[in-house]
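Below, chain A is the first sequence line, B the second, and so on; all start at residue 1.
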2 protein chains.
Amino acid sequence: MSRKISSTGIERLALYYRYLTSVNGSEQAFISSAELAKAVEHTAAQVRRDLSCFGTFGTPGRGYDRAALEEKLSGILGKGKCQNVVLVGVGNLGSALLAYKGFQSQCYTIVAAFDNDAKKIGKHLKGLEIQDIEKLSDVVSQTGAKMAIISVPAGVAQEVVDALISAGIQGILNFAPARVVVPEDIVLQHVDFSIKLDRLCYGLEHA
Amino acid sequence: MSRKISSTGIERLALYYRYLTSVNGSEQAFISSAELAKAVEHTAAQVRRDLSCFGTFGTPGRGYDRAALEEKLSGILGKGKCQNVVLVGVGNLGSALLAYKGFQSQCYTIVAAFDNDAKKIGKHLKGLEIQDIEKLSDVVSQTGAKMAIISVPAGVAQEVVDALISAGIQGILNFAPARVVVPEDIVLQHVDFSIKLDRLCYGLEHA
DNA sequence: CATTGTTTGTGACAACTGTCACGATAAGGT
DNA sequence: ACCTTATCGTGACAGTTGTCACAAACAATG
Ligand SMILES: NC(=O)c1ccc[n+]([C@@H]2O[C@H](COP(=O)([O-])OP(=O)(O)OC[C@H]3O[C@@H](n4cnc5c(N)ncnc54)[C@H](O)[C@@H]3O)[C@@H](O)[C@H]2O)c1
Ligand SMILES: NC(=O)c1ccc[n+]([C@@H]2O[C@H](COP(=O)([O-])OP(=O)(O)OC[C@H]3O[C@@H](n4cnc5c(N)ncnc54)[C@H](O)[C@@H]3O)[C@@H](O)[C@H]2O)c1
């Protein structure tokens with residue numbers, strides 16, 4: 001309870017959580033920080049520090065109760081409350097995201113897909129009808145979605161983000177290689193493949 | 001020249017570079033740290049600090065010479081040397097990556113695509129024949145590719161990575177939600193959508 | 001119930017990262 | 001030549017993040 005969780009610490013919590021759920025069938029009721037650390041490629045001290053930010057739920061001599069920890073992490077991350085996600089931009093990448101089964105197993109469900117291309121609107125993909133972007137507000141209200149994923153061209157990213165915010169979306173995952181500005185109370189995350197490739201490139205150069 | 005570049009600093013350099021190339025047609029020959037900072041949503045001091053790690057190429061009173069800076073950044077990041085990339089796993093995501101035109105404009109070219117599914121091998125996608133994963137070594141030697149992108153299921157990520165390293169690949173961009181281990185001299189970057197969604201979720205919860 | 005063995009939670013430290021402020025430096029005009 | 005103006009490069013500082021080590025806490029066992 002002593003320290004504020006770091007930004008990257010949150011991502012580690014998500015890793016811990018994913019590991020726990022992935023080995024759900026284990027008969028071991030307890031897991032130590034060392035064991036957890038090994039699974040996610042970090043140090044035991046790091047794991048304990050991260051977890052200690054949200055209370056003390058480990059028992060000395062045994063470790064952490066698997067089920068309890070999983071539950072706790074789920075609560076911390078806010079899983080189970082904001083699962084409904086809308087997707088904007090059903091192009092190459094958007095289609096792949098729609099088809100991805102991994103989101104569901106992680107409690108996220110894409111409940112609606114939007115585009116502004118007349119040729120795509122009305123088509124069905126993975127059991128979801130591609131809807132006109134104009135219907136965004138209505139659908140967001142109906143589904144209660146708080147999160148959105150955007151995979152539209154960089155040039156329109158800002159306007160799409162603005163529309164999403166007007167519609168009531170509070171968290172946005174942006175795949176477009178564009179920096180967009182949002183009000184303070186909106187959470188924004190970028191996923192930027194090209195930048196990661198550049199990082200790789202740099203790493204090779206300076207081996 | 002004073003300080004070592006930070007890990008996140010490298011990603012900022014890539015952002016600077018991308019911004020410069022994206023506004024290539026500008027008639028302004030010079031750009032100030034303030035201007036550059038605004039474009040990528042950072043501070044002017046940060047920009048200057050990052051750049052100063054690699055020498056001094058700004059001129060007081062004017063700013064940085066656009067063309068020279070672009071050239072310099074290209075050199076630092078190692079662009080133009082490691083453009084050839086191979087892709088392993090042509091599923092939903094892999095297909096989207098193959099179709100992506102943004103990589104090329106950033107000097108990266110996917111020169112070969114691999115899969116182990118007999119039904120996919122031999123098919124053509126975006127002018128590229130999907131090849132048997134067994135041919136990996138040969139193709140890597142022929143093309144001189146140093147970088148690889150993998151979009152295979154998490155369960156086989158490690159074995160694919162091992163194969164890539166045997167084939168001579170030095171940098172790997174991993175889209176599978178799995179931590180893989182590599183020797184020290186191999187550069188590895190993860191792109192993990194689910195974790196980013198979890199971060200969003202946490203942000204919403206703790207608004 | 002005391003002893004032993006294990007693992008947690010955290011204070012103290014070290015390393016890293018970003019911000020601020022300002023002296024130094026170059027261009028351009030008078 | 002000198003002054004003005006704009007902007008860089010960087011030392012010093014502050015805040016953040018990760019590591020280490022160890023006392024405290026609990027389980028197990030005889
Ligand atoms: N495909 C990839 O592998 C990849 C990789 C990295 C980054 N990206 C980025 O992801 C984004 C999408 O890439 P893509 O390859 O799927 O492109 P795409 O052109 O195939 O898809 C973009 C989709 O967005 C739709 N769209 C355009 N304007 C819109 C608007 N105002 N409202 C709603 N929908 C709109 C288009 O109709 C299209 O269906 C781009 O910004 C791209 O840079 C893609
Ligand atoms: N689709 C998405 O939007 C998305 C999002 C996040 C993460 N991911 C991750 O990206 C990876 C790929 O996702 P996907 O949706 O494209 O899955 P997919 O099943 O559609 O594609 C996987 C491909 O890898 C191939 N493959 C399997 N084993 C192989 C091997 N040993 N060697 C070579 N090829 C092999 C399969 O034949 C298949 O074509 C997964 O790890 C997934 O978790 C995907």
message: With a 4.0 Å cutoff (strictly under), does any side-chain N or O of A:T8 reach OP1 or OP2 of D:dG18?
response: yes
- request: Answer yes or no: does a side-chain N or O of B:S33 lie under 4.0 Å from OP1 or OP2 of D:dC8?
  value: yes
statement: Separation of C:dG18 atom P from B:E41 atom CD, nearest Å, is 16 Å
Less than 3.5 Å apart, which donor and acceptor atoms pair up between the side chains of residues 171-185 of chain B and the rest of the protein, not counting sequence neighbours?
{"residue": "B:N174", "atom": "OD1", "partner": "B:A176", "partner atom": "N", "Å": "2.8"}
{"residue": "B:N174", "atom": "ND2", "partner": "B:A176", "partner atom": "O", "Å": "3.2"}
{"residue": "B:N174", "atom": "ND2", "partner": "B:A178", "partner atom": "O", "Å": "3.2"}
{"residue": "B:N174", "atom": "ND2", "partner": "B:H190", "partner atom": "ND1", "Å": "3.1"}
{"residue": "B:R179", "atom": "NH2", "partner": "B:D192", "partner atom": "OD2", "Å": "3.1"}

- prompt: To the nearest angstrom, how far is A:D50 atom CG from D:dT19 atom P?
  reply: 10 Å
message: Using heavy-atom distances to pick each residue's nearest nucleotide on DNA chain D, tell me which of B:A44 and A:G9 is more 5'.
response: B:A44
- prompt: Taking only residues two or more places apart in sequence, or in another chain, which ones meet A:F103 in a ring-ring contact (aromatic ring centres under 6.0 Å, His included)?
  reply: A:Y100
field: Any B:T56 side-chain N or O less than 4.0 Å from OP1/OP2 of C:dT25
entry: no
- prompt: Any salt bridge between B:K79 and A:D198, counting N to O under 4.0 Å?
  reply: yes
- request: Using a 4.5 Å cut-off on heavy atoms from C-beta on, say whether the side chain of A:S33 contacts that of A:Q46.
  value: no
task: Calculate the interatomic distance between B:Q46 atom CD and D:dC13 atom C1'; express it in whole Å.
output: 15 Å
message: With a cut-off of less than 4.0 Å, is there a side-chain N or O of B:S32 near OP1 or OP2 of D:dA6?
response: no
- prompt: Between C:dA26 and B:Y64, is there an OP1 or OP2 to side-chain N/O distance shorter than 4.0 Å?
  reply: no
- line: Interatomic distance, CD1@A:I150 vs CG@A:L97, rounded to 0.5 Å, equals 12.0 Å
- prompt: For every nucleotide of nucleotides 20-30 of chain D, 5' to 3': is a protein heavy atom under 4.0 Å from its base (B), only from its sugar-phosphate (S), or from neither (-)?
  reply: BB---BBSS--
- prompt: CD1 of A:I31 versus P of C:dT6: gap in Å, rounded?
  reply: 18 Å
task: Establish whether the base of C:dG9 is bridged to the side chain of A:R3 by a donor-acceptor pair shorter than 3.5 Å.
output: no
message: Mind checking if B:F30 touches a base, just sugar-phosphate, or nothing, with heavy atoms under 4.0 Å?
response: nothing
